[in-house]
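Below, chains carry the letters A, B, ... as their sequence lines are ordered, and counting in each starts from 1.
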Protein chains: 2
Amino acid sequence: MESTDRQILALLSADGRMSYTDIGKATGLSTSAAQQRVRRLEQRGLITGYHASLSAEALGHPLTAFVETKAFDPADDDKAARLLEAMPEVVSCWSVAGDASYVVLVQVANTAELDALLSRIRGQAKMDTTTTVVLTTHFRDRTLVAPSDA
Amino acid sequence: MESTDRQILALLSADGRMSYTDIGKATGLSTSAAQQRVRRLEQRGLITGYHASLSAEALGHPLTAFVETKAFDPADDDKAARLLEAMPEVVSCWSVAGDASYVVLVQVANTAELDALLSRIRGQAKMDTTTTVVLTTHFRDRTLVAPSDA
DNA sequence: CCTGAAAACACATGTCA
DNA sequence: TGACATGTGTTTTCAGG
């Protein structure tokens, strides 16, 4: 991958609705050349999609927390991902090495809702939980577009 | 906020490059009405931006990990956010309540790079680290567009 | 990677309820 | 205030080279 492509990735990370014309202007390409590059970046899987970022605060979910979970019975561990996915408050979900099975990031309205969610995780998913409340989100999903080639 | 607006948020979360014409078709609005709604959602801060999602794997950073950090000296805690932000491997950074000061999500090429990064965090930022390697990312930044009004 | 032209789209303005 | 119609300028898209 080359410098122009990396530049395009940086531009589209910053503004996912940028027009091909503007991408062309910024990179010294014609509109159609820019479009072709973008299409190739999509096809090669470097760009996986475009998304509007929504404000959890403005949507009424100002409270963010990490919840580490661990199934009481290790046999239930596989179902857990699906159960967690079914909970709308759970916005991200990772399997991790180490003590916990899953780490999830949740967005809720207040502590009462957090409490209710944790009960549901314990009850439905039969998992132990360890919760860490987020005080400030300094940055999120910042994009790394300096590094290696592809 | 009303049902149409929530629908628009869901559409733009799923496809951030959707045209106003298509949004209109999907919601039963005219192109210009759809455009107006979107503009208002942006102005009211519900939509904070549009971004291309890049594949960390395709970019050569297949290894994801959480790093909990805590400054040796609590007085250094404020500087830490800036130091962490200066490290390109750190893609997300949260301040948290509890034992750690910060939780960061990092994306690196391999364990050697992770090792080097942790050394830098300890050395530069003067922080203790506790690292949890991610095995699978089940989903990330899934959007919550059912909930409350605004 | 570029040119060029047709189709689709964006967006401002004006109108109506 | 919210939806829509229309007109103008852009952008997209698909020929071609």
> Quick check for you: to the nearest 0.5 Å, what is the distance between Thr130(B) atom OG1 and Leu118(B) atom CG?
10.0 Å
> Do Gln7(B) and Thr27(B) get their side chains close enough for a donor-acceptor pair, meaning under 3.5 Å?
no
> Are Arg17(A) and Tyr20(B) in a cation-pi setup, meaning NZ or CZ lies under 6.0 angstrom from the ring centre and within 45 degrees of the ring axis?
yes
> Parallel, tilted or perpendicular, judged at 30° and 60°: which one describes the rings of Phe66(B) and Phe66(A)?
perpendicular
> Once rounded to the nearest 0.5 Å, what's the spacing between atom NE2 of His61(B) and atom CD of Glu89(B)?
6.5 Å
> Heavy atoms under 4.0 Å is the rule here; annotate nucleotides 3-17 of chain C 5' to 3' with B where the base is hit, S where only the sugar-phosphate is, and - elsewhere.
B-----SSBB-----
> What integer distance in Å separates Ile23(A):CD1 from dC1(C):C1'?
16 Å
> Output yes when at least one side-chain N/O atom of Arg40(B) is less than 4.0 Å from OP1 or OP2 of dG2(D), else no.
yes
